[in-house]
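Heavy-atom basis, side chains included; hydrogens, waters and symmetry copies ignored. Letters go in sequence order (proteins before strands), and every chain restarts at 1. Given the structure is predicted, the values throughout are model-derived calculations rather than measurements.
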There are 2 protein chains.
Amino acid sequence: MPSALKTDVTPTMSDKTTLTDAVHQLLRRAIIEQALKPGMRLPEDTVGEQFGVSRTIVRHALVRLENEGLVVTRRNRGAFVAEPSLEEAKHVFEVRRALEAEVIRLLVERMPRSGYDQLEAHVRSEESVKGKDGPVSIRLAGEFHILLAELTGNHVLARYVSEIVLRCSLIMAMYAKSHSSDCAVDEHSQIIAAIRDGDTRRATSLMDHHLGAVAGRAELEPKQDSVSSILSRYGKELAS
Amino acid sequence: MPSALKTDVTPTMSDKTTLTDAVHQLLRRAIIEQALKPGMRLPEDTVGEQFGVSRTIVRHALVRLENEGLVVTRRNRGAFVAEPSLEEAKHVFEVRRALEAEVIRLLVERMPRSGYDQLEAHVRSEESVKGKDGPVSIRLAGEFHILLAELTGNHVLARYVSEIVLRCSLIMAMYAKSHSSDCAVDEHSQIIAAIRDGDTRRATSLMDHHLGAVAGRAELEPKQDSVSSILSRYGKELAS
DNA sequence: CTAACGTCAATTGGATACAATCCCCTTGCC
DNA sequence: GGCAAGGGGATTGTATCCAATTGACGTTAG
């Protein structure tokens, strides 16, 4: 277990956020940043003792993560970090394209005043970590899309986009060789420009291309650094 | 508490479905069918004792329902059946339109062989309960859309549509005067026909109109049969 | 009579204890 | 040597128990 997870959760316990929320977010970040790799087991008491909380809390957090599609639980077997199949990955990207098309439609229609400032600030922060393609750049790339969704003012939409983006991050972590967000940042800027021009078609097309490129890169070469990951994936096919 | 909820949950307890699942689904149906009205409190031990299970189970079920947006929980106050505001209702319908547009796109592209048979069978069952517009017709109307989504083969999409449709059912229960699914059944048939013709544009337009009509009906007149519901809604506005 | 304060009951937040289930490994048999 | 059945260990599923927070009521002072 990576030492990064050994942080204690209780310093600001009653800061309006419940313990479950804290564990939930920590686990989520750990999964997205690949501290917890796909297929890895998540025993309730192990996790709980790492965070200094009881199984009850971990359980609740795992339920949420399962609803988000980031972990799967098998009856009396426990929770595992999800290993999306290529088919599921395709499905996730299909939904994502639909949702983000709606985001663009809405933003062209009603982008808030400070929207472009926030977006450009975000792009700048993306550029600042452009070189070192680590977990941070993955997270920032995702947060750009989440920010877009939030700017629509539609919290329901923002929530779904957020979920989907996280799942995509997990998928990219599994399948993409290198995240190479070099072009992504440029594409983000172009999308902003298209929205500013009120050109829904171009913006949507750019977004489709953006996501399509990402998905395409992913499908081309399953990441093969982890033997257990590969084996368990084969094992899953066998079991079905 | 309605006696319909007094069913025991444990007859086929270990039938591959956990107690939490059972309670979750039962509560969900109770909410959708308006046995549990918006704003109603859901004390853990009361519910648990009604179903003959412990608070722990109810708790897990409530967590899931909260994730689905059907209940809201306030810190140390407990769980309540959600009372979506008009704004939130609008957001939900926006997302729904986007998702269902994608469903149609995909179905025109790849409707499975037995798809039309299933759809027509469903429409027939909708027509059979056309007169008595009760909870059943609400449920069936929703299940039509869920069936559409499932026929895409995209389980991720189907899941989101399912969630959204359930939320819409709750919204309709709150705001719509009468569900009057008279035209809805016709519209369902027309949508099927448009998909069969491969006419994406017409099918999408029909669907938009279908949902738009539903949303429009909803927004025109908030349901005013329950004083407590109205008051609590006003109270919520006050609290913000 | 009103408003603020203190106490109390009710309910959830969380932890621990017990039971059921499943996987895996061993062992015996073919 | 391989396969099947049984047992042990580990992990989840569920229930009960204690603590913390909140809302409400009653009391009291102004």
Side-chain angles (χ1 to χ4, degrees), chain A residues 1 8-27 36 39-67 71-82 228 231-232 235-236 238-239, chain B residues 1 8-27 36 39-67 71-82 228 231-232 235-236 238-239:
Chain A
M1 185 82 48
D8 197 13
V9 132
T10 49
T12 59
M13 176 190 94
S14 64
D15 248 350
K16 227 53 178 172
T17 152
T18 183
L19 276 178
T20 303
D21 293 328
V23 173
H24 174 211
Q25 290 186 17
L26 252 53
L27 280 178
L36 299 171
M40 194 172 274
R41 293 201 58 230
L42 298 172
E44 292 176 358
D45 42 7
T46 302
V47 175
E49 126 188 351
Q50 283 288 326
F51 286 129
V53 299
S54 174
R55 271 183 51 210
T56 312
I57 309 300
V58 179
R59 205 172 172 67
H60 282 95
L62 289 176
V63 168
R64 293 198 194 168
L65 289 168
E66 184 181 20
N67 282 340
V71 314
V72 295
T73 64
R74 300 165 77 163
R75 191 179 166 74
N76 289 318
R77 287 290 315 280
F80 303 80
V81 178
S228 73
L231 291 184
S232 64
K236 188 193 291 179
L238 223 57
Chain B
M1 182 87 43
D8 197 13
V9 130
T10 49
T12 59
M13 174 191 95
S14 64
D15 250 350
K16 227 54 178 170
T17 153
T18 184
L19 276 178
T20 303
D21 294 328
V23 173
H24 174 209
Q25 290 186 17
L26 252 53
L27 279 178
L36 298 171
M40 194 173 273
R41 290 201 59 227
L42 298 172
E44 292 176 359
D45 43 8
T46 303
V47 176
E49 122 188 356
Q50 283 288 326
F51 287 130
V53 298
S54 173
R55 271 183 52 211
T56 312
I57 309 300
V58 179
R59 206 177 172 67
H60 290 336
L62 289 176
V63 168
R64 293 197 193 171
L65 288 169
E66 185 181 20
N67 284 339
V71 314
V72 295
T73 63
R74 299 167 75 165
R75 191 178 169 75
N76 288 318
R77 288 290 317 278
F80 303 80
V81 179
S228 73
L231 290 183
S232 64
K236 189 193 289 177
L238 221 59

Atom pair distance, as rounded to whole Å: CG in A:N76 and P in C:dC22: 5 Å
Side-chain heavy atoms of B:H60 within contact of A:H60, under 4.5 Å: yes
A:R74 CZ to C:dT21 C1', straight-line distance once rounded to whole Å: 15 Å
Option from A:L65, A:L19, A:V63, A:L62 for which side chain to side chain contact (heavy atoms under 4.5 Å, CB included) with A:H24 holds: A:L65
A:L42 and A:V58, any side-chain heavy atoms less than 4.5 Å apart: no
Whole angstrom value for the distance that separates P of C:dT11 from CD of B:E49: 11 Å
From B:N67 atom CG to A:N67 atom CG, the distance as rounded to the nearest 0.5 Å: 4.5 Å
Nearest atoms (heavy-atom pairs only) where A:A61 meets A:T20: N-CG2, 3.8 Å
Got a list of protein N/O to nucleotides 24-26 of chain C N/O distances below 3.5 Å?
none

Check the interface with nucleotides 15-19 of chain C: list each N/O to N/O pair with the protein under 3.5 Å, or write none.
unit_1: C:dA15; atom_1: OP2; unit_2: A:S54; atom_2: N; d: 3.1
unit_1: C:dA15; atom_1: N7; unit_2: A:T56; atom_2: OG1; d: 3.0

Whole-Å distance separating the CZ atom of A:F80 from the C1' atom of D:dT12: 11 Å
Side-chain N or O of B:R75 closer than 4.0 Å to phosphate OP1/OP2 of C:dT12: no
The helix from C:dC1-D:dG30 to C:dC30-D:dG1: angle between end helix axes, five pairs per end, rounded to 10 degrees: 10°
Distance in Å, A:T56 OG1 paired with B:R59 CZ, rounded so as to fall on 0.5 Å steps: 8.0 Å
Whole-Å gap separating C1' (D:dC17) and CG (B:D45): 14 Å
Check: A:F51 and A:L27 side chains under 4.5 Å, non-hydrogen atoms: yes
Whole-Å distance separating the CZ atom of A:R59 from the P atom of D:dT11: 14 Å
Distance in angstrom units between A:H60 NE2 and C:dT12 P, rounded: 12 Å
Spacing of B:E44 atom CD relative to C:dA10 atom P, expressed in whole Å: 17 Å
Heavy-atom side-chain proximity of B:T46 to B:R41 below 4.5 angstrom: no
